[in-house]
Amino acid sequence: MAPQTRNMPFPKIVIQRDSDTEESSSEDEDDELQNDAVEESDEEQLVEDDDDDDDKDEASTSTKTKRKPITISLKKVCKVCKKSGHEAGFKGATYIDCPMKPCFLCKMPGHTTVTCPHRVATEYGVAPASHKRTHSSVEYVFERQLKSRVSTMKPKFVIPNKVHCAVIRYHSRRITCLEFHPTRNNILISGDKKGQVGVWDYGKVHERTIYGNIHGCIVNNMKFSPANDGVVYGASSDGTLSSTDLETGISSSLLNLNPNGWNGSSTWRMLYGLDLNSDKGVLVAADNYGLLYTVDMRSNNVTGSPTLIHKKRSKVTGLHCHPLQPDLLLSCGNDHFARIWDMRRLEAGSSIYALPHTRVVNSAYFSPQTGSKILTTSQDNRLRVWDSIFGNMDSPSREIVHSHDFNRHLTAFRAEWDPKDVSESLVVVGRYISENYNGVALHPIDFIDVSTGQLVAEVIDPNIRTITPVNKLHPRDDVLASGSSRSIFMWRPREKIELERGKDDEPGIVLCGNDEKKRNGKFEDDDSGDDFDKKNIMTKKSYLKSKGRGSKRKC
DNA sequence: ATACGATGCATCC
DNA sequence: TGGATGCCCTCGTA
């Protein structure tokens with residue numbers, strides 16, 4: 001059952017990379033040893049010693065004046081730990097870690113990223129599932145009602161690994177969230193850091209609209225209305241919960257946590273987590289004060305008083321309602337916990353389960369079909385999976401080491417289930433650290449089988465050099481949407497697109513057009529005009545040509 | 001080519 | 001509890 005995965009000879013590259021990195025890491029070790037040897041002495045002394053050795057003129061002047069010369073050492077200085085004797089950073093397309101720091105990937109001391117076992121094979125980080133039987137009543141319910149729905153057959157994974165179309169400069173700030181339209185297959189909506197919401201018909205590539213006045217800043221989460229799929233809800237760092245008509249762009253605010261405006265950052269409230277519970281007819285949203293708000297979707301009014309669901313004054317990063325059990329709610333936050341709640345009994349401290357993590361939890365999702373599993377993404381560079389919320393929840397069934405570090409300039413990484421996978425095991429997540437692919441540093445989008453911890457596919461395109469922290473798989477089609485700094489990419493399976501288009505056809509790949517230059521180097525804030533035209537479409541010929549030129553092409 | 005800056009979280013007291 | 005401080009693979013712009 002070989003999955004459709006890599007288009008490039010990755011194993012070959014890995015071997016090549018390993019030999020490269022081993023060389024460089026052994027150099028580093030030598031440097032480290034040298035550094036250790038002199039580390040006992042004062043750093044200034046070290047600089048002076050260097051000068052005496054390297055520059056006789058300088059040394060003679062220093063003996064004349066009997067004063068230390070102010071010189072700049074030519075010796076390598078590490079920009080990470082500021083010590084001399086070694087360097088960290090990119091050497092070509094390979095990043096060399098500072099040997100003084102713990103591994104940037106798994107956070108363990110004693111080795112660096114390039115030699116980390118998790119870099120090559122993610123299954124090293126998998127803790128086996130525990131098979132404790134709790135024999136609780138909920139487990140009985142699970143066995144009887146839900147287990148039959150979980151497919152024991154592993155389907156063939158279809159990986160969208162070919163750029164179908166990509167739009168750059170569609171948003172003027174980084175992408176923060178993506179959602180596929182629940183019924184119209186070619187519609188993708190996107191939110192950005194500035195508060196703008198995009199609606200893109202990627203079937204017609206150029207048809208896109210940007211609504212610039214829905215939110216004042218970061219759109220953290222969006223959800224389509226179950227009652228009317230022309231309406232989308234949004235939770236924003238401006239402290240409002242919006243309801244927007246996608247046809248008109250007319251938006252209304254269902255909740256405003258800052259009715260008195262700006263009174264300093266210490267009092268400003270922001271909304272992050274958002275989900276809807278159609279059985280109960282409510283929206284749930286949560287803020288940076290640890291509070292959960294409930295909004296009735298019929299009356300658009302807040303019901304009840306907010307409930308403290310995470311540590312006081314800490315951010316609730318995500319909410320997810322159970323797909324089958326309307327009473328279950330999952331939340332996660334900056335207090336390092338993911339929690340399961342009974343919606344009928346929402347009180348501070350009354351969560352059914354509190355799932356501890358060692359760092360901030362970026363996201364927590366029930367599995368899409370049965371909701372019996374939980375997947376979390378934490379800033380400790382680990383994906384965690386609990387195999388059955390009706391079984392043993394004392395510890396996660398699996399922990400998978402994966403690079404998705406926190407970086408204040410990037411949207412937080414969130415691993416997402418494939419909603420189409422009946423076995424509830426395929427997950428997509430962007431990768432932070434780069435790999436050297438034929439001399440180009442690229443950040444793949446990883447597909448991981450969380451039942452084994454195996455990396456099923458690493459999706460890359462030589463034209464996409466940026467990190468893509470936001471990824472969403474289509475609920476019905478084999479399509480992946482990726483959000484990056486300012487661009488959105490659509491991916492399809494490689495075989496399919498070739499069947500559909502033929503070799504010499506124009507593939508409709510829209511890459512970095514010249515709209516930037518057209519605007520005289522300045523980006524207009526109200527980017528609602530459609531400035532895409534044929535000039536921005538690359539033909540397959542030019543696309544392949546640009547690929548052939550390799551690393552020179554700027555995207 | 002290189003420098004700059006936006007700005008979230010951990011850690012310290 | 002809150003302010004000050006310091007940051008390791010960013011990325012677009014000047």
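Sequence lines set the chain letters: A, B, ... in the order given, protein chains first and strands last, and positions in each chain run from 1.
Remark: the A:Ser434 side chain and the C:dC9 base include a donor-acceptor N/O pair separated by less than 3.5 Å.
Atom NZ in A:Lys101 sits about 8 Å away from atom C1' in C:dC7, given to the nearest Å. To the nearest angstrom, C1' of C:dT10 lies 6 Å from CG of A:Leu410.
A:Ser403 comes within 4.0 angstrom of nothing in the nucleic acid, heavy atoms only. At a threshold of 4.0 angstrom between heavy atoms, the contacts of A:Ile433 include nucleobase atoms, whether or not backbone atoms are also involved. Residue A:Pro469 is out of contact with every strand shown, counting any heavy-atom pair closer than 4.0 Å.
Every residue meeting the side chain to side chain donor-acceptor pair (under 3.5 Å) condition with A:Ser237, not counting sequence neighbours, appears here in chain and number order: A:Asn220. For A:Arg359, there are no salt bridge (Lys or Arg N to Asp or Glu O under 4.0 Å) partners, not counting sequence neighbours. Partners of A:Asn288 according to the side chain to side chain donor-acceptor pair (under 3.5 Å) rule, which considers only residues two or more places apart in sequence or in another chain, do not exist here. With sequence neighbours left out, the ring-ring contact (aromatic ring centres under 6.0 Å, His included) criterion links A:Phe180 to A:His474. Residues passing the side chain to side chain donor-acceptor pair (under 3.5 Å) test with A:Thr468: none are found, sequence neighbours excluded.
For the C1' atoms, the distance from B:dT11 to C:dC9 is 23 Å, rounded to whole Å.
Between A:Phe104 and A:Arg313, the residue whose closest nucleotide on DNA chain C is further toward the 5' end is A:Arg313. Nearest-nucleotide assignment on DNA chain C puts the 5′-proximal partner with A:Ser266, out of A:Ser266 and A:Cys98.
The shortest distance between the side-chain N/O atoms of A:Ser485 and the OP1/OP2 oxygens of C:dG12 is below 4.0 Å.
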Pairwise N/O distances under 3.5 Å, protein to nucleotides 6-13 of chain B:
unit_1	atom_1	unit_2	atom_2	d
B:dA6	N1	A:His409	ND1	3.3
B:dA6	N1	A:His409	NE2	3.4
B:dA6	N3	A:His409	ND1	3.3
B:dT7	OP1	A:Lys193	NZ	2.8
B:dT7	O2	A:Arg408	NH1	2.6
B:dG8	O6	A:Arg408	NH1	3.1
B:dC9	OP1	A:Lys315	NZ	2.7
B:dC9	OP1	A:Asn334	ND2	3.3
B:dC9	OP2	A:Lys315	NZ	3.3

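Here the shortest heavy-atom pairing between A:His164 and A:Tyr202 reads NE2-O, 4.1 Å.
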